[in-house]
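To start, the structure itself, in structure tokens.
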Amino acid sequence: MAASLGFRGAASGLRYWSGRRRPAASFAAVCSRSMASKTPVGFIGLGNMGNPMAKNLMKHGYPLILYDVFPDACKEFQEAGEQVASSPADVAEKADRIITMLPTSMNSLEVYSGANGILKKVKKGSLLIDSSTIDPSVSKELAKEVEKMGAVFMDAPVSGGVGAARSGNLTFMVGGVEDEFAAAQELLGCMGSNVVYCGAVGTGQSAKICNNMLLAISMIGTAEAMNLGIRSGLDPKLLAKILNMSSGRCWSSDSYNPVPGVMDGVPSSNNYQGGFGTTLMAKDLGLAQDSATSTKSPILLGSLAHQIYRMMCAKGYSKKDFSSVFQYLREEETF
């Protein structure tokens, strides 16, 4: 494996790698590149995030062995010459480095430990990287099972959304044995501009859960502020401009504004399609709630955010991007 590109920061103690932002390359261009120098990488889970992540591995010359529970998700990769496996176990039989990107803890347990799971065929010495956002306790459970098979498990959830997945500028939060970080970094650096070592297995998940709780709170706050301003007679683009040059500025206001027409290229300007689903945000906030209970940590706003996103799911917003909380606030008059 490649030598570590990371270093240990004197102040933070965190080991990380930060690459340059890179422009997105066309998927078609990948097919013309030689892949002879790279060994195959398994990739399981080709949804909104997994699809562009897998494509970025291709762009860096890695042949892929792919699996998704929905066969149509593999079609474009197969047409590009990549190998499609019949099950997670089949992937494990053919690749000794595997990345999984799955929606829930249950999905991860099934893919790793199920009847046709990775652990049925995993080879000794294999590196298994789970970039799903799941319960840290599940990551720890899977790591123990993987270790029994003589392989290595690392949790490496991501932040940055679909846009960063496409451009290869995700942030990876990595938990696992530190000696294996460089091996994971070799692959994750193809898909992200920041790869941060957080500590033992499960700490990557904990970091991601904290981030997403804050994201949900800030998105609700941005939606409330924009709604209040619009109803007070302010032009939404003007209000967004003011917020983004003032102390209220945040990622939800300047990079992912929830108000339709304020920004191009974000879900709010596409009827809240694509992006990060409300159901997934509600799931992540549930994980934050579970962690808060187990650590006896007060999360007053986090709990309220969880309730709001659960109500949104019940009101028909489950398949919309989580920024649709603005639309929900606009349409609901019963608060």
Side-chain angles (χ1 to χ4, degrees), residues 1-2 19-103 107-108 111-112 116-118 121-123 126-132 156-158 160-172 183-193 195 265 267 270 273-277:
M1 296 295 181
R20 295 184 190 176
R21 295 181 67 85
R22 55 181 73 84
S26 69
F27 186 41
V30 173
C31 304
S32 65
R33 298 186 182 178
S34 169
M35 298 182 181
S37 63
K38 304 286 177 101
T39 58
V41 174
F43 202 105
I44 300 173
L46 299 167
N48 287 343
M49 294 293 289
N51 177 293
M53 289 169 64
K55 287 177 179 176
N56 278 321
L57 283 171
M58 287 180 64
K59 290 167 188 174
H60 283 78
Y62 288 96
L64 300 180
I65 299 170
L66 303 130
Y67 175 77
D68 192 278
V69 68
F70 298 106
D72 284 350
C74 301
K75 188 175 180 180
E76 64 175 317
F77 292 94
Q78 192 168 31
E79 291 172 349
E82 301 303 319
Q83 185 176 351
V84 176
S86 60
S87 68
D90 190 26
V91 175
E93 191 171 25
K94 297 172 179 176
D96 59 10
R97 292 181 292 175
I98 302 172
I99 297 169
T100 52
M101 188 63 173
L102 305 160
N107 295 134
S108 288
V111 163
Y112 281 89
N116 292 302
I118 290 171
K121 296 286 186 178
V122 68
K123 293 174 281 189
S126 292
L127 174 63
L128 310 178
I129 303 172
D130 187 25
S131 287
S132 317
V158 305
V162 174
R166 289 173 181 156
S167 64
N169 290 304
L170 291 167
T171 291
F172 286 89
Q185 186 183 66
E186 177 189 337
L187 297 177
L188 302 181
C190 298
M191 300 176 286
S193 53
V195 183
N270 187 36
Q273 299 304 304
F276 185 61

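Nothing here was measured: the structure is a model prediction, and the numbers come from that model. Just so it is clear, the values below take in all heavy atoms, side chains as well, and ignore hydrogens, waters and symmetry mates.
- Atom CG of Asp72 is separated from atom CD of Gln78 by 10.5 Å, given to the nearest 0.5 angstrom.
- Atom NZ of Lys121 sits in a sparse spot, with 12 or fewer heavy atoms from other residues, nucleotides or ligands closer than 6.0 Å.
- Between Lys59 atom NZ and Met191 atom CE the span is 12.5 Å, to the nearest 0.5 Å.
- Of all non-hydrogen atoms in Ile44 and Leu102, the two that sit nearest each other are O-CD2, 4.1 Å.
- Between the CD atom in Glu76 and the NZ atom in Lys55 there is a gap of 3.5 Å [rounded to 0.5 Å].
- Ser86 OG to Lys94 NZ: the interatomic distance, rounded to the nearest 0.5 Å, is 6.0 Å.
- Listed here is the closest heavy atom pair of Val41 and Ala95: C-CB, 4.3 Å.
- Evaluation of the side chain to side chain contact (heavy atoms under 4.5 Å, CB included) rule for Lys75 yields Glu79 as partners, not counting sequence neighbours.
- In plain terms, the two heavy atoms of Pro157 and Ser132 that are nearest each other are CB-O, 3.7 Å.
- Of all heavy-atom pairs between Pro63 and Thr39, the closest is CD-O, 4.0 Å.
- Contact annotation: the side chain of Cys190 never approaches that of Asn56 to less than 4.5 Å [non-hydrogen atoms, C-beta and beyond].
- Taking CE from Met53 and CD1 from Ile99, the interatomic distance works out to 6.5 Å, rounded to the nearest 0.5 Å.
- Nearest heavy-atom pair across Phe77 and Leu66 is CB-CD1, 3.5 Å.
- Taking the side chain as every heavy atom from C-beta outward, Phe43 and Met58 never approach each other to under 4.5 Å.
- Put simply, the side chain of Pro40 does not reach to within 4.5 Å of the side chain of Gln83, judged on heavy atoms.
- Nearest heavy atom pair, residue Asp68 against residue Cys74, reads N-SG, 3.7 Å.
- In this structure the side chain of Ser87 reaches within 4.5 angstrom of the side chain of Asp90, judged on heavy atoms.
- Residues forming a side-chain hydrogen bond (donor to acceptor under 3.5 Å, both in side chains) with Tyr112 (at least two apart in sequence, or on another chain): Thr100.
- For the side-chain contact (heavy atoms from CB on, under 4.5 Å) criterion with Pro88, the lone passing option out of Ile118, Ile98, Val69 is Ile118.
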